[in-house]
Amino acid sequence: MDILAGLNPPQREAAEHGEGPALVLAGAGSGKTRVIAYRIAHLAQAGAARPENILAVTFTNKAAKEMRERVQKLLYAGRSAEPLISTFHSFCVRLLRREIHRLGYKRDFSIYDTDDQKRLVKQTLEEMKLDDDELKPREVLSRISFAKNHGVPPDGYATRFPSDTAQDVEYIYERYEERLHGSNSLDFDDLLLKSVAVLKNNPDLCKHYSNWYRYILVDEYQDTNRPQYDLLRLLTTSHDNLFVVGDEDQSIYKFRGADIGNILKFEKDFPGARVIRLEQNYRSCGTILKVAGAVVANNTERKGKTLWTENPEGEKVSCRRSDTARDEAYMVVGHIRRTLEENPDARVAILYRVGALSRTFEDVLTQQGIPYALVGSVAFFGRAEVKDILAYLRVIFNPEDDAALLRIVNTPPRGIGKTTIDALTSEAIGKGVPLLRLLREKAGDPQFPTRSAKAFQRFLELVDKWTAAQEGTPVANLLATVIQDIRYKEMLQKEESSPETENRIANVEELLQAAAESEQRGETVAEFLDRASLSSELDKLDPEARVALMTLHSAKGLEFDTVFLVGMEEGLFPHSRSSASDAELQEERRLCYVGITRARTKLFVCWTPFRKTHGPGAGFPSRHSRFLDEMPGELVEGLDAIAPGDENVYGPPFPQRPMFTGGGYGYGQHGGEWREDRHADWRDRAPAHVHAVSGAPKPVPPREGRDDAATGAATANQPKSIAELKSYLEKMQQAAASYRPPAAKAAADSGLREGMRVRHDRFGDGIVLRRERSGDDYKVTVTFSLVGKKTLVEKYAKLQKL
DNA sequence: GATTTACGCCTTTTT
DNA sequence: GGCGTAAATC
């Protein structure tokens, strides 16, 4: 059977490509996963390579899993050997578990997550007696990560990246690396870097792996970073059968070190590379594709390709302006409701730039009883209770894992307090000795305070007991013993008794279940821990879910019938923190492109001038996203709500500026020049744009070229007349008035009394237990039938009397 | 040393 | 309105 029969000519050309490098430029929805899967199957079936000599790398577990399933469908099931299809990170872990001893680590190394990393940096900061106002752990970490990924060792840091804090960072970086190594642990970056190092330092080993993996395929090549690139180079030392698939227009991980240059210069890096373009899109309607193309055409950093489709043109894209974020949510959910009524099998997604936007949509969906799947909250393995238990396992497995030990040494509380820990930690660091070993010394040290020593002894006895039992005990049983010994569930119950507790206990149970399943699959403890470290929330997105909520980043690679792109506002999208340079702006635009191209048949783009950022009172109107301006007016219905007017009525167009976080933004006129003024009140200035002007919708005039000024493309959204300006101002004022927190009224007298039955948006129905003054507001304690007792601030709770 | 309360910050994106 | 850390209190 010709397994390639279902492919179009360029897809087929790619799948049949023989030896040598190849670059497949695959536009959104052009079937790139398909091409990789078919190529793997083809290589194996045509006898070019044995399956086990094929390596395919992806970025997410989800993509790897999908790929595996597709390949399995194409090849006969039940082969003894299978191609290795894995993420970069799991491939590296696999490699390192075998080879890391060559770098002076033990094979039982731990993988530090962000929490662990932060803890480490924080300790060093404390030790240095530095205000963490000056240097935030997160910032330090990202600078360290940046240095590591650019091959800059600690002692070269300050010279290479001079700044007033560079010396401090260099010092922290140095300690950080020392302690990581001292804990026999690797951080995320290390997984790649150490893999590269081990291959680089051992040419024979490198050759061995390169010989083994005769054919290497890479998905999402545009997202590779420098170490990933280095790794691929090393793995291709004895051949150049590197087949990469990517789309420069979907490169959205620069902040994480992805280097779009890798895909742009592939042909230079791998001379003789065959380049294949996949430009036929099988996913979206013509209109959606054109809109996406028009937006991304504003980017300069691209190889350029034009997607086309045989799909119908479809409906116009709909642009919706709402008065508030809540209205936006109601509007979107209303559409979803109708969509699902028409077609219960439809798959719908709400996509946003920042995760914080999900809440309002969750509220409204819950309220209306529409089930949804949220990607990106706290992942299962990120839950505190799960991490606690796993930390126990980590310590048993790698006794040098200080970060894990610090996490569990007083969880549950066993009388080993912060002061004691701090003292011991600095001593351990000073001596360069793992914390657990120091604990052992102290437990037997007669000079040490007996109370603490006793506590240590009890703790160590447990650890020793588990360590002894580890061999030959199934992980799940081991974990069950741990949980019992430390009375973990009891601790959870003691902490708080609410539905949340049950949830936590359920999570602990689920972890045991996961351990048992892992065991059944024949995985080792290490493999179980590795999977926990490398898994993410996206991996378990229910593909059956009708409504999915996620960030634009998470949405890459997915597709939906209907997509709502919400929060299309300047400052939010493009995000203010990503609008400083043209390169960042281009990345935001690619993100927008990714969002648009997720939609199969219908796309909504939504915005509101009044999105409450944080806390009440910061209500400055925001401008609609410039990406809306970049969409062709004739393909988008509803754009006229942001009606452009005559260009010259009120002088030059207002410059577009990012929104500044922290205090709203505004523009004030000073000395005849528009400039940013964070404190300018919007009422004091002419509006930057007009919307919802009654009647006279005017098509958006064609935009000619781009204004490449540093401030971004200036657009013409001017009020058309004084009358319109007035009505605009009135609208704004009305909106602002209704925008005040309900507090003002509530504080006067909400009429709430103890014993009353009330309803809460999220918590459901309940009874007021207590109501007491607090400042110029009331605090109410309510027992909800669903979630139990909660104390709420009346002005925020928006309780409805029943 | 542990628990409770207050405050300040938040909002990039994540293998 | 939530979360995490710092300060206050037992």
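Naming: A, B, ... by sequence-line order, numbering from 1 per chain.
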### Task
Identify, with sequence neighbours excluded, every residue that meets side chain to side chain donor-acceptor pair (under 3.5 Å) alongside A:Asn410.
none
### Query
Would you say A:Thr551 reaches B:dT14's phosphate, i.e. side-chain N/O to OP1/OP2 under 4.0 Å?
yes
### Query
Of all the choices, B:dT15, B:dT14, C:dG2, which nucleotide is nearest to the side chain of A:His553 once you look at every atom?
B:dT14
### Task
Look at all strands and tell whether A:Thr420 reaches a base, only sugar-phosphate, or nothing, counting heavy atoms closer than 4.0 Å.
sugar-phosphate
### Task
Determine yes or no for a side-chain-to-main-chain donor-acceptor pair under 3.5 angstrom, with A:Arg97 supplying the side chain and A:Phe109 the backbone.
yes
### Query
Could you give the distance from CZ (A:Phe573) to CG (A:Leu357), rounded to the nearest 0.5 Å?
11.5 Å
### Task
Side chain of A:Asn410 only, please: which of B:dA2, B:dT15, B:dT14 is the nearest?
B:dA2
### Message
Side-chain N or O of A:Lys122 versus OP1/OP2 of C:dT5: is the shortest distance under 4.0 Å?
### Response
yes
### Task
Between B:dT13 and C:dG4, how far apart are the P atoms? Round to whole Å, please.
15 Å
### Query
Is the ring centre of A:Tyr253 under 5.5 Å from the base ring centre of B:dT14, and are the two planes under 30° apart, so that they stack?
no
### Message
B:dT13, OP1 or OP2 - any side-chain N/O from A:Ser554 closer than 4.0 Å?
### Response
no
#### Entry: Test log, rule salt bridge (Lys or Arg N to Asp or Glu O under 4.0 Å), inputs A:Arg531 and A:Glu527
CA-CA 6 Å; A:Arg531 226 162 33 77; A:Glu527 282 168 331; over 6 Å; no
### Query
Does the gap between the ring centers of A:Tyr352 and A:His553 come in under 6.0 Å?
no
### Task
In whole angstrom, give the distance that lies between atom CG of A:Leu96 and atom P of B:dT15.
19 Å
### Summary
note: A:Arg138, atom CZ; B:dC9, atom P; distance rounded to Å ~ 14 Å
### Query
NA contact type, A:Phe255, heavy-atom cut-off 4.0 Å: base, sugar-phosphate, or nothing?
base
#### Entry: Between P of B:dT13 and CD of A:Gln586, the distance in whole Å
22 Å
### Task
Measure from CG on A:Asp259 to P on B:dT15 and round the result to the nearest Å.
20 Å
#### Entry: Atom-pair distance (CG on A:Asp187; P on B:dT15), nearest Å
15 Å
### Query
What's the CG-P distance between A:Leu186 and B:dT15, to the nearest Å?
18 Å
### Message
Categorize A:Ser578 for me: base, sugar-phosphate, or nothing, with a 4.0 angstrom heavy-atom threshold over every strand shown.
### Response
base
#### Entry: Distance, rounded to the nearest Å, where A:Glu588 contributes CD and B:dT11 contributes C1'
13 Å
### Query
Expressed in angstrom and rounded to an integer, what is the separation of A:Gln228 atom CD from B:dT15 atom C1'?
8 Å
